[in-house]
Amino acid sequence: MLEYRDAVSDDFRIIANFPQNPVELFYMFPKGTYPVTPEQLEETALVRYAPTVITQRGKVVGYCNLYDVTEGNDSWLGNVIVHPGFRRAGIGEFLLNSMKHRARSEYACRNLKLICHNTNTGALLFYYRHGFKPFDMKVMEDDKGSRIAGIIMSLDLGLKSD
């Protein structure tokens, strides 16, 4: 059974082991340094909103947070990652649905946005399959300094303005 809860300090020791290489860390946390430390992750979580872990039978299997939250308007999804041993098992979908719920119910957000790198085809297809639509792009640098496209996507959370 999957559940979500707020991340606590001890969780970051576990989450720091999820990225298996510099590319995975870049997709999850572009400003992080591989291998990422629990302190890097926790420091970032302290300035974000709703740092959330997904657990299965008490084991942490997924993580993400929100940032740049504008109550009643937008929030951005960040630092998304699933434990390598639990990928392609529905954890990502549960994590995404949990964050949609949190953005709507806790921050009254109408839109959930994210940036996904063009080199992360699997994630782009995942987000598109779950209703995110590309609407913009920004030029970014990958972990090796090469230019890539950050595809900016948005999902309407179904809240109407007053």
Salt bridge flag under 4.0 Å for residues Lys100 and Asp156: no
Cys64 versus Leu77, closest heavy-atom pair with distance: SG-CD1, 3.7 Å
From Phe12 atom CZ to Gln40 atom CD, the distance as rounded to the nearest 0.5 Å: 12.5 Å
CD/Gln20: more than 12 non-hydrogen atoms of other groups inside 6.0 Å: yes
Same apolar cluster: Tyr128 and Leu95, side chain cutoff 4.5 Å: yes
Mutual orientation of the aromatic rings belonging to His130 and Phe126 [parallel < 30°, tilted 30-60°, perpendicular > 60°]: tilted
Short side-chain donor-acceptor distance under 3.5 Å, Thr119 and Tyr27: yes
Closest approach of Leu25 to Gly32 (non-hydrogen atoms, all atoms of both residues): CD2-C, 3.8 Å
Co-membership, hydrophobic cluster, residues Leu155 and Trp76, 4.5 Å side-chain: no
Leu96 with Val61, same ILVMFWY side-chain cluster at under 4.5 Å: yes
Transitive ILVMFWY side-chain link Val8 to Ile54, under 4.5 Å: no
Test item: side-chain donor near acceptor, Ser9 and Glu42, under 3.5 Å: yes
Considering all heavy atoms, the nearest Ala123-Cys116 contact: CB-SG, 3.6 Å
From Arg102 atom CZ to Leu157 atom CG, the distance as rounded to the nearest 0.5 Å: 14.0 Å
Heavy-atom closest pair, residues Val53 and Asp6: CG2-O, 4.3 Å
Nearest atoms (heavy-atom pairs only) where Leu66 meets Ser75: CD2-OG, 4.1 Å
Tyr63 versus Asn65, side-chain donor and acceptor atoms under 3.5 Å: yes
Salt-bridge contact Asp11-Arg5 (side-chain N to carboxylate O under 4.0 Å): yes
Pairing of Arg87 and Glu24 as salt bridge, 4.0 angstrom limit: yes
Under 3.5 Å: donor-acceptor pair, side chain of His101, backbone of Asn97: no
Gly85 versus His83, closest heavy-atom pair with distance: N-ND1, 2.8 Å
